[in-house]
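First the structure, in the form of structure tokens, and then the observations on it.
Just so we're on the same page: letters track the sequence lines, and every chain starts at 1.
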2 protein chains.
Amino acid sequence: MSHVLVVDDEPGLAHALGITLRASGWTVTTADDGAHALAAAAHHHPDVVLLDLGLPDMSGIDVITALRAWTRVPIVVLSARQHGEDKVDALDAGADDYVTKPFAMNELLARLRAAVRRAAAPADGDEAVVVAGALTVDLARRRVLRDGTEVRLTPTEWSMLEVLVRNRGRLVSRRQLLQEVWGPGYSDETHYLRVYSAQLRRKLEDDPAHPRHIVTQPGMGYVFEA
Amino acid sequence: MSHVLVVDDEPGLAHALGITLRASGWTVTTADDGAHALAAAAHHHPDVVLLDLGLPDMSGIDVITALRAWTRVPIVVLSARQHGEDKVDALDAGADDYVTKPFAMNELLARLRAAVRRAAAPADGDEAVVVAGALTVDLARRRVLRDGTEVRLTPTEWSMLEVLVRNRGRLVSRRQLLQEVWGPGYSDETHYLRVYSAQLRRKLEDDPAHPRHIVTQPGMGYVFEA
DNA sequence: CGCGGGCGTCAAGGATCCGTCAAGGACGCC
DNA sequence: GGCGTCCTTGACGGATCCTTGACGCCCGCG
């Protein structure tokens with residue numbers, strides 16, 4: 001099923017949400033302030049973020065803005081204020097939906113499902129399995145086969161390959177790659193790209209010195225060619 | 001601006017919504033029952049549908065289902081019932097958002113904007129392909145094809161070509177070109193333009209000495225001619 | 001006719017970027 | 001604690017690319 005990041009500083013509510021969500025088949029990560037939320041989002045790549053606007057360290061709007069700087073993950077906002085201007089602010093900042101406390105749990109679940117479904121829908125071109133020469137990349141099962149035998153990838157290697165394969169045939173800029181794999185704040189760590197592109201090539205390419213699938217576009221980024 | 005289809009059977013509310021929406025820059029079509037709503041949606045292709053669930057001829061859920069059979073136009077639902085199970089049903093049927101009466105008009109406007117923005121976002125990079133004779137410039141994928149084969153450009157070459165192509169048919173002044181490619185503070189480095197226009201012509205033009213696409217306007221700047 | 005400015009061409013550096021190898025160090029597992 | 005995996009970081013050739021300078025051409029003008 002899908003993965004949800006719950007951001008809430010009230011331990012009781014966060015706990016209750018976690019139990020209910022897990023009972024509904026979600027996997028759950030929790031964060032109790034904005035900084036941890038951003039770190040967790042970058043690390044876990046949740047399918048949806050459930051964000052309480054009342055956080056101790058930074059405003060919820062800032063969290064939304066920071067997330068929207070690098071990801072389109074759906075954000076469902078949770079707020080105590082019933083008639084707050086912050087509804088408008090949150091939606092304009094890039095939130096996808098808004099739930100006011102108190103809320104019915106089944107309504108919240110429906111909104112989360114709707115948010116995930118909306119986000120998944122435009123990804124039409126996504127087939128779960130992409131074949132490129134001797135390579136078979138199964139995006140759903142997170143597996144790669146080369147000449148029919150499985151290749152073991154580390155989490156970071158897989159993450160980078162996944163971004164490239166989902167954008168196969170088109171250039172992925174260094175910046176985009178760094179942000180999607182390592183998260184915001186890593187936009188300039190271009191060295192990571194060199195290290196990991198080399199590792200992927202060593203594991204996936206027939207001739208790592210002359211790669212046919214993971215192609216460098218000097219000065220710009222990388223492309224996965226099928 | 002965008003076009004909204006308002007589906008409501010209360011003449012007073014529909015009228016008030018129409019006035020407010022038009023004042024906010026929307027163009028508006030109204031329908032007072034489900035059958036007319038479906039016909040109007042098929043005819044006008046609105047950018048967003050604002051749907052009141054309480055309709056005389058059919059249930060709002062059925063309207064959503066019928067729309068979703070053929071279009072992904074965002075649907076924002078309007079309902080009087082505050083704690084109704086119909087919220088969940090509407091969202092699961094394919095609605096994008098939900099507003100409960102009574103509602104603040106600026107919240108409704110924000111939700112409509114958010115719905116349209118969400119729907120438009122994935123389509124952004126589309127249609128960014130410019131064809132000029134034997135040249136094909138794909139602005140989204142950052143690729144250039146000449147007679148069907150890809151041409152490798154350096155980052156600076158691409159950046160300059162991109163500015164010219166985005167302003168195709170219009171003169172781009174030397175100053176503007178320098179600032180957009182090299183940044184502010186390079187307004188007088190006209191020599192760069194000569195070097196890079198020459199490189200682009202060598203890579204893209206059939207006869208670099210007599211360019212047909214990257215044309216110099218002496219003393220002023222350059223034009224990309226399709 | 002001589003001169004100068006704008007433009008195009010070519011080539012040479014120096015800076016930057018890329019690929020590679022390898023050494024710490026964090027973390028989980030036994 | 002010992003071990004293995006993985007991420008991060010550094011160093012270093014080699015390739016690529018940006019910048020800069022020199023030079024020739026064309027054309028208008030004095």
Side-chain angles (χ1 to χ4, degrees), chain A residues 39 42-45 142 144 150-164 171-175 177-183 185-223, chain B residues 142 144 151-164 171-175 177-183 185-223:
Chain A
H43 188 241
H44 290 98
H45 292 273
R142 304 196 129 224
V144 189
E150 180 161 4
V151 180
R152 269 190 25 88
L153 297 182
T154 72
T156 305
E157 286 164 3
W158 170 261
S159 179
M160 179 165 166
L161 178 66
E162 184 178 11
V163 174
L164 290 173
L171 173 75
V172 183
S173 71
R174 293 182 297 201
R175 182 186 186 78
L177 207 43
L178 286 164
Q179 290 192 347
E180 294 208 19
V181 176
W182 282 269
Y186 287 77
S187 307
D188 300 321
E189 304 286 346
T190 56
H191 191 44
Y192 290 3
L193 297 180
R194 288 195 285 281
V195 173
Y196 276 90
S197 61
Q199 289 183 356
L200 282 175
R201 281 165 181 159
R202 205 173 312 130
K203 291 186 177 182
L204 303 179
E205 298 274 1
D206 289 330
D207 180 3
H210 303 91
R212 295 178 48 222
H213 297 114
I214 299 170
V215 181
T216 302
Q217 301 244 350
M220 310 217 235
Y222 294 82
V223 192
Chain B
R142 306 195 119 217
V144 188
V151 180
R152 268 192 25 88
L153 297 183
T154 73
T156 306
E157 287 164 4
W158 169 261
S159 179
M160 178 164 167
L161 179 65
E162 185 178 11
V163 174
L164 290 173
L171 172 73
V172 184
S173 72
R174 292 182 297 201
R175 182 187 186 77
L177 209 42
L178 286 164
Q179 289 191 348
E180 294 207 22
V181 176
W182 283 269
Y186 287 77
S187 306
D188 300 323
E189 304 286 346
T190 56
H191 190 44
Y192 289 2
L193 297 180
R194 288 195 285 282
V195 173
Y196 277 90
S197 60
Q199 289 185 356
L200 281 175
R201 282 166 180 158
R202 204 174 313 129
K203 290 187 178 182
L204 303 179
E205 298 274 2
D206 289 332
D207 181 3
H210 303 90
R212 296 178 47 220
H213 298 113
I214 298 171
V215 181
T216 303
Q217 301 244 352
M220 313 194 58
Y222 294 81
V223 192

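B/Arg152 meets the side chain to side chain contact (heavy atoms under 4.5 Å, CB included) test with A/Pro218; sequence neighbours excluded. B/Ser187 meets the side chain to side chain contact (heavy atoms under 4.5 Å, CB included) test with B/Arg175, B/Gln179; sequence neighbours excluded. Evaluation of the salt bridge (Lys or Arg N to Asp or Glu O under 4.0 Å) rule for A/Glu189 yields no partner, not counting sequence neighbours. Every side chain to side chain contact (heavy atoms under 4.5 Å, CB included) that A/Asp207 has, sequence neighbours left out, goes to A/Ala209, A/His210. Residues that satisfy the ring pair (Phe, Tyr, Trp, His ring centres under 6.0 Å) test with A/Tyr222, not counting sequence neighbours, are absent from this structure. Under the rule for a side-chain hydrogen bond (donor to acceptor under 3.5 Å, both in side chains), the partners of B/Glu162 that lie at least two apart in sequence or sit in another chain are B/Trp158, B/Arg166.
Whole-Å rounding puts the A/Tyr192 OH to C/dC17 C1' distance at 18 Å. Atom CG of A/Leu177 is separated from atom C1' of C/dC17 by 16 Å (rounded to the nearest Å). Atom CG of A/Leu178 is separated from atom C1' of C/dC17 by 14 Å (rounded to the nearest Å). Straight-line distance from the CE atom of B/Met220 to the P atom of C/dC7: 11 Å, rounded to whole Å. One can place NZ of B/Lys203 at 15 Å from P of C/dT9, the figure rounded to the nearest angstrom. Atom CG of A/Asp188 and atom P of C/dC17 are 10 Å apart (whole Å). Separating the NE2 atom of A/His210 from the P atom of C/dG19 is a distance of 12 Å, rounded to the nearest angstrom. In this entry the distance linking CG of B/Leu193 with P of C/dC7 reads 9 Å, nearest Å.
Close to C/dG6, at under 4.0 Å from its OP1 or OP2, lies no side-chain N or O of B/Arg174. The phosphate of C/dG19 has OP1 or OP2 within less than 4.0 Å of a side-chain N or O from A/Tyr222.
Contact between B/Asp188 and B/Leu178 at its shortest, heavy atoms only, is N-CD1, 4.2 Å.
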Extract from the structure each pairing of a protein N or O with an N or O of nucleotides 20-25 of chain C at less than 3.5 Å, listing the distance.
none

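When heavy atoms are screened at a 4.0 angstrom cut-off, B/Thr190 is found touching no nucleic acid atom at all.
Taking a heavy-atom distance under 4.0 Å as the criterion, the stretch of DNA chain D touched by chain B extends 5' to 3' from D/dC17 to D/dA22.
In this structure, the side chains of A/Leu200 and A/Leu153 come closer than 4.5 Å at one or more pairs of heavy atoms.
Sorted by first then second residue, the side-chain hydrogen bond (donor to acceptor under 3.5 Å, both in side chains) pairs that include residues 211-221 of chain A, not counting sequence neighbours, are A/Arg201-A/Thr216.
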Report all side-chain donor-acceptor pairs from residues 190-198 of chain A shorter than 3.5 Å, counting only partners two or more places apart or in another chain.
{"unit_1": "A/Ser197", "atom_1": "OG", "unit_2": "A/Leu193", "atom_2": "O", "d": "2.8"}
{"unit_1": "A/Ser197", "atom_1": "OG", "unit_2": "A/Arg194", "atom_2": "O", "d": "3.1"}

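To the nearest 0.5 Å, the span separating CG on A/Leu161 from CD1 on A/Ile214 amounts to 6.0 Å.
Over its full length, the helix from C/dC1-D/dG30 to C/dC30-D/dG1 turns its helical axis through 20°, comparing axes from the five pairs at each end and rounding to 10°.
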